[in-house]
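This is a predicted model, so every value here is computed, not measured. Within every chain, numbering begins at 1; the chains are lettered A, B, ... in the order of the sequence lines, protein sequences first and strands thereafter.
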Protein chains: 2
Amino acid sequence: MTEKPEPGVPLHFVVKTRLIELLDQLGEGAALPPERSLAKDFGVSRWTMRQAIRELTADGRLRARQGQGTFVATPKLIQPLALVSYTEALRAQGHDPGREVVGFDQIPADAVLAASLGIAEDDAVYRLERVLLADGQPIGLETTYLAVERFPTLREVLRPTGSLYRCLTDDLGVRFGEGEEVVETVIATPREAELLKATQSLPMLLLNRISRDTDGRTIETVRSLFRGDRVGFRATLRP
Amino acid sequence: MTEKPEPGVPLHFVVKTRLIELLDQLGEGAALPPERSLAKDFGVSRWTMRQAIRELTADGRLRARQGQGTFVATPKLIQPLALVSYTEALRAQGHDPGREVVGFDQIPADAVLAASLGIAEDDAVYRLERVLLADGQPIGLETTYLAVERFPTLREVLRPTGSLYRCLTDDLGVRFGEGEEVVETVIATPREAELLKATQSLPMLLLNRISRDTDGRTIETVRSLFRGDRVGFRATLRP
DNA sequence: AAGTGGTCTAGACCACTCC
DNA sequence: GAGTGGTCTAGACCACTTG
């Protein structure tokens, strides 16, 4: 930088702060100057500029598209943290929901899966993997596990593009009871990042859910991975 | 790397994968070899090795301590996502809770704060900032905002080291009703990272809470920032 | 072909901890 | 003082998008 070495404060953060001022001037969707020219303007190396841009990308303020440029992003999408249909929740907020089935197969249960589904190890388990879309953009990757023994006809009943939730309740007579969900941050694997059309090493929100029916039996376990730069969740707290 | 260029898969991820195998062999708390020697062993640059280590650090698998080394981390702490006392929740899990008051002052409300607290802009607001500790380690930074007009005696009644929740309910007769909380990922600012004794650019879990009393009036708004590598949250879902 | 973001190298210096 | 992780530079090549 030209002025004020600011001891203790990393250079990339000073850059980030000045970059935010620039962002606020530009409108939503506006294109940022190329990294190389920004680095030159700010008098820092490209690495330092990229570090600042990367943080703003993780924070959801910027979106980088390879071969095109970097753009000011739109605000995050806030979804309800509840046992409701993804489709309905998104539509209620005026967005266009979508799903793409990535895979639907059967695997033997490992120890953890067997314990949470209440079955024996190596028992057959459905694995349904879907990319969740909002307004055509991939925002999440949802992997659902169900015991084959409990839902032997699922393969014939479920239309992959339809709602699993609706299929279970309407066609198979399942009654959802309480569930629990653990939320944490993780870094996407390359495969996950690719499916979500995200750049590598993006912080994600990982939701691990167990759904039980009204008798307390486990219906499904779900591993949902959402782009941390695009999504947040709202929970209602009761005293 | 020595073998298999693996097109499409970034080198730092191949390193990360091999590093995980190494981690599983070492026990919890074990020291990792220094970055420079690891980079040499794996045949990559130090930057690439650091990228792999950084992701494992963000995932909570590793902990780096400057001047000491890098160590295999303990599992994340899972807290309930509910309107309960932080102290009680942590103690219930067999951990030792603690708090450190960073600041307690009054500020004029900006537009956002005024709207959520139901007061006029520039009205006085308490700002109570505390670092949350678990077993002596800082894991979160909690900033609470309350309207001065509503709790004029708070300053005299509250012992900074005590429970704010208990002070409000027992001493000031507040009855907590429903609240809501929005969860998302952000990158820590340098100040926040320093208070949490974390390395820069660490993904964090940001919880923005609004608590209301049984009449629906806003009691407080809370901005809680938790280390994403050390903490997760559990929510109970109702149909 | 040109320009963009994405990855990687080699080397440097700083800040911190321990001896 | 030696060794550790943390930051930064200058330069290179790759992958992708657009003309």
Report summary line: Residues passing the salt bridge (charged side-chain N to carboxylate O under 4.0 Å, His left out) test with R223(B), sequence neighbours excluded, are E192(B)
Query raised in the report: Nearest heavy-atom pair of A134(B) and I139(B): which atoms, and what distance?
Result: CB-CD1, 3.9 Å
Query - Heavy-atom closest contact (I210(A) atom, S116(A) atom, distance) - result: CD1-CB, 3.9 Å
Give each protein N/O atom lying under 3.5 Å from an N/O atom of nucleotides 17-19 of chain D, with the pair distance.
unit_1	atom_1	unit_2	atom_2	d
dT18(D)	OP1	Q68(A)	NE2	3.4

**Report entry** I53(B) CD1 - dT7(D) P separation (whole Å)
**Finding:** 13 Å
Query raised in the report: When you check the phosphate oxygens OP1 and OP2 of dG5(D), does a side-chain N or O of T70(B) lie under 4.0 Å from one of them?
Result: yes
Query raised in the report: Can you tell which of dC8(D), dG5(D), dA10(C) lies closest to the side chain of S45(B)?
Result: dA10(C)
Report task. Using five base pairs at each end, measure the axis-to-axis angle across the helix from dA1(C)-dT18(D) to dC18(C)-dG1(D) and round it to 10 degrees. Result -> 0°
Report task. Identify whether the distance between the nearest side-chain nitrogen and carboxylate oxygen of D59(A) and K16(A) falls below 4.0 Å. Result -> yes
Query raised in the report: Out of dG6(D), dT9(D), dC8(D), which nucleotide sits closest to the side chain of P10(A)?
Result: dC8(D)
**Report entry** Distance-only donor-acceptor check, side chains T144(A) and E220(A), under 3.5 Å
**Finding:** no
**Report entry** Check: Q93(B) side chain, I78(B) main-chain N or O, donor-acceptor pair, under 3.5 Å
**Finding:** yes
Report task. Tell me what R46(A) touches on the nucleic acid: a base, only sugar-phosphate, or nothing, going by heavy atoms under 4.0 Å. Result -> base
Query raised in the report: Contact class for R36(B) vs. all strands (heavy atom < 4.0 Å): base, sugar-phosphate, or nothing?
Result: base
**Report entry** Presence of R50(B) side-chain N/O under 4.0 Å of dG6(D) phosphate oxygens OP1/OP2
**Finding:** yes
